[in-house]
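Letters A, B, ... are given to chains in the order of the sequence lines, protein chains preceding strands, and every chain is numbered from 1.
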Amino acid sequence: MNRSLLPALGLAALPLLAILALGFVPLMVVVVWSFWSWDPVTYWIRPDMSLAAYVAILDAGRWTVILSTLAKALVTALLCLLIGWPTAYAVHFLAGRRLSLVLLALMTIPFFTSYLIRSFSWRLVLGRTGVINTLLIEAGLIAKPLDWLLFSDFAVVIGLVASYLPFATFPLILSMRRVDPVTMQAARDLGAGFWTMLRTVLVPLTFPGLFAGFLFVFVMVAGSSTEVQMLGGAGASIVTVMINDVMRVANYPLAFAISTVVLVVIFGLVLAGNARFGLARLFGEGGA
Amino acid sequence: MAISIQIETVTRAFGPVRAVDDVSLEIRAGEFFTLLGSSGCGKSTLLKLIGGFDAPTGGRIAFDGRDMAGIPANRRPVNTVFQSLGLFPHMTVAENVGYGLRLKGLRGAALSARIDSALEMVELGGFGPRDVNLLSGGQRQRVALARALVMEPGILLLDEPLTGLDERLRQQMRDEFGRLHKRTGATFILVTHNQDEALSLSDRMAVMHRGRLEQIDAPARFFEAPANAFVARFVGIDTLLTHQGVIREGDATHALIAGEKVPVRIGGPAEPAESVVALRPDRLLLHPHSEIELKNALALRLKVVETRYRGLHHDVTLAFADGQRVVVSLEADQPVPAPGDLVSVGLKPGGAMLISNAGLPAAA
Ligand SMILES: Nc1ncnc2c1ncn2[C@@H]1O[C@H](COP(=O)(O)OP(=O)(O)OP(=O)(O)O)[C@@H](O)[C@H]1O
Ligand SMILES: [Mg+2]
C-alpha cells in the first residue's frame, strides 16, 4: 500500500466505522433476520434459512400495500419535482437576494409543526364541511360536498406532497446554483427560445438535483405513516403502518422481509439513478 | 450579410452605477471594431446590450436601422463568444458546436459537415466526440469560437476571447480572427484590454473609460491625436507634462514647460488651461551633450537623472528644470550620458501634442 495513503486512511477510519455501524449494520441485520423463522413458543426468532416470511408477504393483500406504497411514493415524488422545479427556478433565478431568502424561509415553515398536526389540518381543508367544499358550494359549482376530497388516495397524496415538497425543492435549488448562467445566455444566443433553453440546457444540467429530490421524497414517503393514517380512506395502508401491525404481533421476520423488499427497490433506484445522473455531481466539483 | 449597428445615447445604469453612460456609436457593416478599456469600464455590459442579454435603461440600439428594443437575444442576428465561454458541460465538443444549427433544423450529414468544418477552422479537427470538460483552457476557448462562427452570424461579438491563452496561441488566434473576418465579411466587435490585438486587427477602435467612450477612431489616430490624457496613457504615451502657457505664433503653437518653448501639435479642441503636453517616446531623439551646438530649434535642453540598461537599448530618464520627467531610449551602442549631464533632445514633428487633461488623476 502507498505509504502516503496511510494517514488519510487513519483519518477516514473513524467516520467510516460510524457509517458502517449506524447505517449498514442495522440494514444487514434486517436482511439477515428476514430469513430467520419465528418461534411461536418463545415468541422470538431463531436462526434459519427460510423464505416463509417472503411467502407470507403474498398473503392477505400485503403485496398490494407494498405496491400502492411504491405507487404513492412515485406519484408524490414526481408531483414534488413538478412543483419544486419552477419554485427552485423562481427562488434562484428570478428573486433578488433578499426575496430568495424569504422564500427559502417560507419553505421551511412546514417543518415548524409536527407531521401529525399538518396532516390533520388538511382535514379542515378537504373535509365535507371543509374550506374547499364550502367554497365550491357557495360558488354554486356543486350541489353537495365532494366526498373523494378526504379519506382518499387523493387526500393522502396532497398531504404527502405538502409534507415532503421541501425535500425536492432544496436539492433543486442546490443544483441550479451550480449552473453557470452564461450557459443559459449562450443557448439564447444560439437561437434557443426560453422553453427550448430550459429543455436543452437548464433541465439537463439540473438532472442531479431532480434525481436527488426524487430520491429524498420517494424514501420519505416509503417511510411515512401519518398522512395515510390521518387522510387515507377506510382500509388504506402503507408499508410503515403494515410493518407496525406485524411487529405488534411480534412477527419480526415478516416485518423484516417487507422492509427488505422496500430496501431493495430503493437501493435499485439509487444505483440506476447514480449510473445515469451522477448524484455525486450535485455536491462535488468533479466534472459538472 | 454584414449588418451595421447604430448605438444612440445608450445608458445602462445598475442603481447609481452607470456601467454604460450615454454612449453613441455607429459601427459600419463588415467593420472590425474593437472596444478597448480597463477592467470594469463597461465593455461586457455594452456587448450584452448589443447581444440582447440586457436592455438599456436609456437610448436606442438598432441593426441596419431597425430598432432592436424588445427583440430577444435568440432572434437577433448576433452570435457571441462570451468572456466566460458558457460551454454546455453536458454536451460533447460536436454537440456544443452543432447546438445552434440543430435548433435551425439541420440534421445528419449536413450538420456534421458544418460542425467538422467549423472545428477545422479553429484547429480542433477530430475533437468532436470529446468531453468539453476535459479540454484545456485554450481548446475550450476555440470550441466557444467555433460554436459562434458556425452560425455564420451577421454580427460576431467577441468578449476577450484571447485572454488566458499562451502567447503563441494568442498570436495564432489573433491572425485567425483577421482571416475569419475577411472570409465571413461579418461585422466583428472585439472586446479586449490588450492593445496589440486592437491595433493589429481593427478598422476602428474605441477606448472606453467608466462607461464612456473617450475616443472612437482608426488605430493610428490614437497615437497621432489622442483625445485626452486618459487615452494617451492608455495607448502607452506615458509622458504627460503640465505647462505654464501656450503661445501661438502664426501657424505654430508652443507650450512653455519650465522655460523651454516646446513646439506642439494641437490634438483636439483642448482649452489651454485644461491641457497637458503629451510626448511620444518614439519621436524623441537623444543627442549627446556635445551635439547641442546643432542649435536645433526643436531641441530641448534636459538634465539626465538616471540611466538604465534594458538589453537592446538604454532608458534615459531626463528632467526639465521644474523636475518633470521624460524617459527617452538610446540605442545600446551609443555612449551613455552620466547623471547630471545636460543633454539636448530632438523632437521630430508631431512628437509633442497639446491634449485635454481629462482623465488625469488630480494629483498629477
Ligand atoms: N448585473 C450587474 N449588476 C450590478 N452591477 C453590474 C452588473 N453588471 C455589471 N455591473 C457593473 O458594471 C460595471 C461594468 O462591468 P462590465 O462587466 O461591463 O466590465 P468590463 O469592462 O467587461 O470589465 P472586464 O474587462 O473586467 O470584463 C462594473 O462596475 C460592474 O460592477
Ligand atoms: Mg468583461
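B:Gly86 approaches A:Asp180 most closely through the heavy-atom pair CA-OD2, 4.1 Å. Residues B:Asn74 and A:Gly191 come closest through the heavy atom pair CB-C, 3.5 Å. When all heavy atoms of B:Phe53 and A:Arg188 are compared, the closest pair comes out as CE2-CB, 4.3 Å.
Annotation: the span from A:Asp189 atom CG to B:Lys48 atom NZ amounts to 12.5 Å, rounded to 0.5 Å.
Heavy atoms from other residues, nucleotides or ligands lying under 6.0 Å from CZ of B:Arg102 number 12 at most. No more than 12 heavy-atom neighbours from other residues, nucleotides or ligands sit within 6.0 angstrom of CZ on B:Arg210. Summarising the local packing, CZ of B:Arg107 is surrounded by more than 12 heavy atoms from other residues, nucleotides or ligands at distances under 6.0 Å. A 6.0 Å sphere centred on CZ of B:Phe14 holds more than 12 heavy atoms belonging to other residues, nucleotides or ligands. Within 6.0 Å of CG in A:Leu17 there are more than 12 heavy atoms belonging to other residues, nucleotides or ligands.
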N/O donor-acceptor pairs under 3.5 Å from side chains in residues 80-88 of chain A, not counting sequence neighbours:
{"residue": "A:Trp85", "atom": "NE1", "partner": "A:Thr206", "partner atom": "OG1", "Å": "3.0"}
{"residue": "A:Thr87", "atom": "OG1", "partner": "A:Ile83", "partner atom": "O", "Å": "2.5"}

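With a threshold of 4.5 angstrom between heavy atoms, B:Arg75 does not approach chain A through any atom at all. Contact of B:Leu85 with chain A is made through the backbone alone, with heavy-atom distances under 4.5 Å.
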- [ ] Take A:Leu190 and B:Phe88 through the side chain to side chain contact (heavy atoms under 4.5 Å, CB included) test and state the conclusion after the steps.
- [x] CA-CA 12 Å; A:Leu190 293 164; B:Phe88 306 125; 4.1 Å; yes

Open item on the list: For a side chain to side chain contact (heavy atoms under 4.5 Å, CB included) check, start with the C-alpha distance between A:Thr196 and B:Leu103, then their side-chain angles and the critical distance, and finish with the verdict.
Closed with: CA-CA 9 Å; A:Thr196 309; B:Leu103 292 183; 3.5 Å; yes

TODO: Determine, step by step, whether B:Tyr99 and A:Thr200 satisfy the side chain to side chain contact (heavy atoms under 4.5 Å, CB included) criterion, reporting the C-alpha distance in whole Å, the side-chain angles of both residues, the deciding distance to 0.1 Å, and the verdict.
DONE: CA-CA 9 Å; B:Tyr99 182 87; A:Thr200 56; 2.5 Å; yes

